[in-house]
Enquirer: 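Dropping a structure here in structure tokens format, bear with me for questions.
Treat the numbers as computed from the prediction; the structure is a model and nothing was measured. Just so you know, ligand 1 is whichever comes first in the structure, and atom 1 is the first atom listed for that ligand. FYI, side chains are in, hydrogens and waters are out, and symmetry mates aren't considered; it's all heavy atoms of this structure.
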Amino acid sequence: MSDIHVVVLAAGKGTRMKSAVPKVLHRIAGRPLIGHVLASAHALAPATTTVVVGHQGSDVTEALSTQPGLSFVVQEPQLGTAHALLMAEPALAGRRGTVVLLSGDVPLLRPQTLHSLVDRHHATGAATTVLTAVVDRPTGYGRIVRSGGQIAGIVEEKDASEAEREIREINAGIYAFDLDGLFDAVRAIASENAQREYYLPDLVGIHRRAGRVVETLALGDPREILGINTRAELARLGALYRMTKNEQLMADGVTLTDPATTYVDADVVVGADTILEPGVSLERGTTVGRGCHIQDGAFIGSDTQLIAPVTIGRGAYVGTGTTVREDVPPDALAVSAGKQRNIDGWVSAKRARASRGRTK
Ligand code: UD1
Ligand code: CA
């Protein structure tokens, strides 16, 4: 098995979010978008993982600082996706194997899809394998141009002819590349196009003209490659994620009285025969034992543990990091650690005591 090297592009500005927070740090189910991408990538057991940051890059680096095994490279200025990948060259110097390129703003991509992409790539011995999907509304995406069934190139929306815009097979922006010769080919990409950017999809045409094999993997469910550019898309993909998560919980034996109003974050584990009533929120990292009952509108803060089989009453609030062993009455606040107390002047009083001690 050859090594897998994951590269995540996350340098873009995300202008349409209209936010002081970098796009990839906006959250779905309590986890930053880029956290979802890295969680999927983790399933490939990559030898290296490189994140390309740029716009507010230090915020992104800081937010991911507790995740082991990540390298960060900076792209400044941001001259396009091909230029972004080139920034990862030093991080991959002397390496061999397969590069899997991901976007930091495509959070629903399933690990199984990445496995299939890599399998196809290895089985065909391709230089590049492109993940594609056939969609009803291809607007905004790069279109897959085929000739005799084979992929011939990818044309961006802004550069496409009217006929090319009719193509409904789109580039997901996710690829597997043979690392051997990759960066030399990427350097051959020019920026003579409508956006004056270095387009990574141009690599396909370059490889094809050089007689190298380029393959595609077409996705059955295009929803998982949806990217996020706006707050509306953030909400829509958040709802999709929640629906999938809730269906999984029910398949695992949890009762959800009203899945549409049940908010269970990523990294939450719920035991079988637990009942979640409408309007319940379980924040990230929480563990709920078997046979618990969480009533209407109860809110369970992050990293909490409910030891089976407790009942959390209607509208109750369980603070972050609490370990709950006994029932919580309706509308009560449950906390197990003491609340933060700020004692004014404590340090100066201590210093004063110490200096009195010395002068005595
Ligand atoms: C890209 C593809 C398009 C594809 C679509 C899928 C190009 C030129 N086009 O378009 O064919 O259908 O993705 O979603 O690649 N980024 C950087 N540095 C840059 C530019 C972008 O890191 O200089 C990052 C962005 O943060 C983002 C990713 O690359 O995570 C994709 O960039 P974006 O500008 O969103 O590309 P699209 O126009 O969506
Ligand atoms: Ca874009």
Enquirer: Taking only heavy atoms of Leu79 into account, list the atoms of ligand 1 that are under 4.0 Å away from them.
Expert: 23 (O)
Enquirer: Is ligand 1 less than 4.0 angstrom away from at least one heavy atom of Gln75?
Expert: yes
Enquirer: Would you please test Ser147 and Arg208 for side chain to side chain donor-acceptor pair (under 3.5 Å) and show each step?
Expert: CA-CA 11 Å; Ser147 129; Arg208 293 291 283 128; 5.8 Å; no
Enquirer: Between His26 and Val21, does a side chain to side chain contact (heavy atoms under 4.5 Å, CB included) hold up when you go through it step by step?
Expert: CA-CA 7 Å; His26 283 262; Val21 176; 3.8 Å; yes
Enquirer: Can you find an N/O atom of Ala84 closer than 3.5 Å to an N/O atom of ligand 1?
Expert: no
Enquirer: If we only count N/O pairs under 3.5 Å, is Ile154 in contact with ligand 1?
Expert: no
Enquirer: Hey, which atoms in ligand 1 end up nearer than 4.0 Å to a heavy atom of Thr81?
Expert: 7 (C), 8 (C), 15 (O), 20 (C), 21 (C), 29 (O), 31 (C), 32 (O)
Enquirer: Identify which of Ser103, Pro77, Gly57 has a heavy atom lying nearest to atom 31 (C) of ligand 1.
Expert: Ser103
Enquirer: Run through Lys245, Glu247, Arg242, Met250 and flag the one making a side-chain contact (heavy atoms from CB on, under 4.5 Å) with Pro259.
Expert: Met250
Enquirer: Under the side chain to side chain contact (heavy atoms under 4.5 Å, CB included) rule, what do Ser191 and Leu79 come out as? Steps first, then yes or no, please.
Expert: CA-CA 9 Å; Ser191 62; Leu79 303 179; over 6 Å; no
Enquirer: For salt bridge (Lys or Arg N to Asp or Glu O under 4.0 Å), just list the numbers for Asp136 and Arg168, CA-CA rounded to whole Å, side-chain angles, deciding distance to a tenth of an Å, and then say yes or no.
Expert: CA-CA 7 Å; Asp136 292 331; Arg168 292 192 303 119; 3.3 Å; yes
Enquirer: Check this for me, if you would: do Glu233 and Arg16 make a salt bridge, where the nitrogen-to-carboxylate-oxygen distance has to be below 4.0 angstrom?
Expert: no
Enquirer: In this structure, does ligand 1 have an atom that sits under 4.0 Å from one of the heavy atoms of Val52?
Expert: no
Enquirer: Could you say whether the N/O atoms of Tyr141 and ligand 1 ever approach to under 3.5 Å?
Expert: no
Enquirer: Any side-chain heavy atom of Ile294 within less than 4.5 Å of one from Leu282?
Expert: yes
Enquirer: I need the contact type for Ala172 against ligand 1. Using non-hydrogen atoms and a strict under-4.0 Å cut-off, is it side chain, backbone, both or neither?
Expert: backbone
Enquirer: Going by heavy atoms, is Ile170 under 4.0 Å from ligand 1?
Expert: no
Enquirer: One pair to check against salt bridge (Lys or Arg N to Asp or Glu O under 4.0 Å): Glu197 and Lys158. What are the steps and the verdict?
Expert: CA-CA 12 Å; Glu197 276 181 17; Lys158 288 184 175 138; over 6 Å; no
Enquirer: Considering the heavy atoms of Tyr199, write down every atom of ligand 1 situated less than 4.0 Å from one of them.
Expert: 8 (C)
Enquirer: Tell me the nearest of Gly140, Pro201, Gly80 to atom 20 (C) of ligand 1, using heavy-atom distances.
Expert: Gly80
Enquirer: Using side chain to side chain contact (heavy atoms under 4.5 Å, CB included), reason through His121 and Val100 one step at a time and then give a plain yes or no.
Expert: CA-CA 10 Å; His121 185 72; Val100 173; over 6 Å; no
Enquirer: Should the proximity of Ala11 to ligand 1, defined as any heavy atom under 4.0 Å, be assigned to the side chain, the backbone, both, or neither?
Expert: both
Enquirer: Got an N/O contact under 3.5 Å between Gly142 and ligand 1?
Expert: yes
Enquirer: Taking distance alone, with N or O pairs closer than 3.5 Å, would you say Asn171 contacts ligand 1?
Expert: yes
Enquirer: Using heavy atoms and a threshold below 4.0 Å, how should the contact between Glu156 and ligand 1 be classified: side chain, backbone, both, or neither?
Expert: side chain
Enquirer: Out of Leu9, Thr132, Leu200, whose heavy atom sits nearest atom 29 (O) of ligand 1?
Expert: Leu9
Enquirer: Establish whether Val186 and Phe177 are linked, either directly or via other cluster members, by ILVMFWY side-chain heavy-atom contacts under 4.5 Å.
Expert: yes
Enquirer: Heavy-atom pairs closer than 4.0 Å: do any link ligand 1 to the side chain of Val106, the backbone, both, or neither?
Expert: neither
Enquirer: Which of the atoms in ligand 1, numbered in the order shown and given with their element, are less than 4.0 Å from a heavy-atom of Asp105?
Expert: 30 (O)
Enquirer: Is there side-chain contact between Leu92 and Val7, with at least one heavy-atom pair below 4.5 Å?
Expert: yes
Enquirer: Could you state the interatomic distance from CZ (Arg27) to CG (Leu234), rounded to the nearest 0.5 Å?
Expert: 11.5 Å
